[in-house]
Amino acid sequence: MSITRYIFVTGGVTSSLGKGIISASLAKLLQSRGFSVTIQKLDPYLNIDPGTLNPYEHGECFVTDDGAETDLDLGHYERFLNFPTSQANNVTTGRIYQSVIDKERRGDFLGKTVQIIPHITDEIKRRIKLLGSKYKYDFVITEIGGTVGDIESLPYIETVRQLKWELGENAMVIHLTLVPYLSASGELKTKPTQHSVKTLLEAGVQPDVLVLRTEKELSEDIRKKVALFCNVSLQNVIQSIDVCTIYEVPIKMQEEGLDKVVLEKFKLPIGKDPELKAWKEFLGKYKKPKKIVEIALIGKYVELQDAYKSIAESFVHAGAVNDCKVNLNWIHSESINKDNYTEILNKVKGILVAPGFGHRGMEGKILAVKYARENNIPFFGICLGMQAAVIEFAQNVLGYAKANSSEMDEKTQYPVIDIMEEQKTILEKGGTMRLGSYPCALNKKSNAFKAYEKELIEERHRHRYEFNNKYTDEYIKAGMMPVGINPETNLVEIVEIPSHKWFVGVQFHPEYKSSVINPHPLFIDFIKATLE
Ligand code: GLN
């Protein structure tokens, strides 16, 4: 297909209806029909990217191969499509304004008054169309963050209006709303949807398709009513009913014919429904696990599980491969201390210490590592979790009781984890960590090699501190091995304890690369070890 078609997904009534999942599900269905599809998220906040946001504010920060710190929805896109995204797939208002203001300072506007329309909207358009012109996708699905009617979203909705006009038959709008169920009267209510579509119409945008989130089946009458009030045809009113897993949504959308409605709108041949065989196989395994395994996830943001979204999803994928359900025990690292750690951790079959920043909760993380190491419990440390494993080993095996990361104690006598050389002079916080994909060479005797079944891997990073190679010999002598090394910089990317059942610490973030079709080998192998 030589033309790129643009699909805009907006949301109304409330946030958190799952625009990201609907976008990803539609993309999956179109991809399964042989089209090339990408999904983009436009975020209406002023931060340049979510990299500087506290996870309590915005959940996990997802990192792409090209080192962009992005919204967690990009994680869903990749997990559904099994295809990498990049910086171009996530744009914030901050980034838009920054480019426009930079241009203004350069004099690019030739003395013109710089305004939201057309300058900001032009920049938004440029970033949407870039995906089509540069990467030649058949479909670009652009998800507009926030809810229609928000002051912050206005320039985006205005851009959608302009693009719909400009692109004509090659653009369409899908609006996702909620049809609430009032239990007192036992009724489903369409008024919020009608109002939300009105708000969109006030901005000059007529949606082509309505996707209605609901907890109960929508009757034909309700669908007809929505169609009538909102100027869409009956078949373009799509029900999105609550389901037990997000991975069920593509199946439901296929049943509702969302992809067909889209193809029809673009006057493209419809053909047969794709089988989604591998997807359904995964779902089958997910829904009928043969066993359950209890895994502790130790972190300091556990009150907000979105902060560890990709890790949780990686366990869903890896669990299915192992025919089991992974029951995550979310344990706050600050709740673990010397007196209770045995009691807290003796119920689980595996321990994962999560990524993180700063010293809060570090003591609990180190105790969790100690428990796993001493009791031969499969252990998986990710980023700060790996660093905690290195510190614990120094403190309790090498005998350096005061060993630490210089992140936690700048003056520590034994900085077994130390700031990377190139990070020492960096003062700005945004986008300055070691970010994105780097190669790593594996030792053939390692668990990692056994899992990946290859010698050279590439994984994504997001950190400033690193294993201190000054101590490598001491670690090796005492039984903790660096088994994954960056071939260019010699940075230690993986440590293992070969005498332990399964003890793997990784400096990178494997969770960013796990997808339904391609579950991550380390997560698979970790779960396997917990079942043995
Ligand atoms: N705070 C650690 C570092 O910057 C670990 C980062 C992480 O877990 N993502 O090196």
Side-chain angles (χ1 to χ4, degrees), residues 49-56 58-65 67-70 72 75 297-302 304 306-312 314 332-334 351-366 368-369 379-392 394 403-410 412 415-438 440 459-469 471 482 484 486 489 491-495 504-514 522:
D49 61 42
T52 52
L53 286 173
N54 184 324
Y56 286 127
H58 206 254
E60 164 188 286
C61 171
F62 186 79
V63 179
T64 57
D65 281 332
E69 295 179 285
T70 70
L72 57 73
L297 187 154
I298 321 283
K300 68 172 171 180
Y301 304 111
V302 290
L304 183 74
D306 268 3
Y308 303 105
K309 194 79 203 161
S310 294
I311 294 179
S314 300
H332 201 299
S333 46
E334 279 184 307
I351 294 174
L352 180 139
V353 177
F357 295 85
H359 68 272
R360 187 167 71 91
M362 198 58 186
E363 195 201 345
K365 292 187 178 178
I366 291 174
V369 178
F379 168 82
F380 196 4
I382 298 183
C383 208
L384 185 62
M386 171 266 202
Q387 299 177 352
V390 170
I391 297 166
E392 191 278 331
N404 212 332
S405 159
S406 45
E407 179 181 7
M408 316 303 158
D409 175 6
E410 237 181 310
T412 174
V416 289
I417 300 291
D418 202 5
I419 187 138
M420 284 178 277
E421 206 44 50
E422 67 272 23
Q423 287 286 331
K424 286 185 180 159
T425 50
I426 295 175
L427 297 174
E428 277 201 18
K429 289 275 181 275
T432 55
M433 282 187 252
R434 179 176 181 238
L435 288 166
S437 192
Y438 287 95
C440 168
E459 291 284 1
R460 301 180 193 171
H461 298 68
R462 184 174 188 245
H463 62 126
R464 293 184 206 282
Y465 296 81
E466 180 62 50
F467 181 90
N468 187 342
N469 265 319
Y471 296 93
N486 179 300
T489 54
L491 291 177
V492 172
E493 310 282 35
I494 311 178
V495 296
V504 179
V506 295
Q507 184 56 75
F508 49 78
H509 291 262
E511 71 274 22
Y512 295 144
K513 281 178 79 167
S514 188
L522 283 179

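Every number for a ligand or one of its atoms is a count from 1 in the order of the listing. Computed from heavy atoms alone, side chains included, the values below leave out hydrogens, waters and symmetry copies.
- Among protein heavy atoms, atom 7 (C) of ligand 1 sits closest to Cys383 SG, 2.9 Å.
- We find that Glu334 and Arg360 are joined by a salt bridge, their nearest charged nitrogen and carboxylate oxygen being less than 4.0 Å apart.
- With Gln507 as the partner, the side-chain hydrogen bond (donor to acceptor under 3.5 Å, both in side chains) test is satisfied by one option alone out of Gln387, Glu493, His461, Glu459: Gln387.
- What sits closest to atom 9 (N) of ligand 1 on the protein, heavy atoms only, is Arg462 O, 3.0 Å.
- The protein atom (non-hydrogen) at minimum distance from atom 1 (N) of ligand 1 is Glu407 OE1, 2.7 Å.
- Geometrically, ligand 1 and Pro355 share no nitrogen or oxygen pair separated by less than 3.5 Å.
- Contacts with ligand 1 closer than 4.0 Å are made by side-chain heavy atoms of His509 only, the backbone lying farther away.
- Under 4.0 Å is where a charged nitrogen must lie from a carboxylate oxygen, and between Lys429 and Glu69 no such pair does.
- Ionic pairing of Glu407 and Arg464 is not present here: no N-O contact between side-chain nitrogen and carboxylate oxygen is shorter than 4.0 angstrom.
- In terms of N/O distances under 3.5 Å, ligand 1 is not approached by Phe357.
- With a 4.0 Å heavy-atom cut-off, ligand 1 is reached by no atom of Met433.
- Residue His332 qualifies as enclosed at atom NE2: its count of foreign heavy atoms under 6.0 Å is above 12.
- Using a distance-only test at 3.5 Å, with no hydrogens or angles considered, a donor-acceptor pair links the side chain of Lys300 to the main chain of Phe357.
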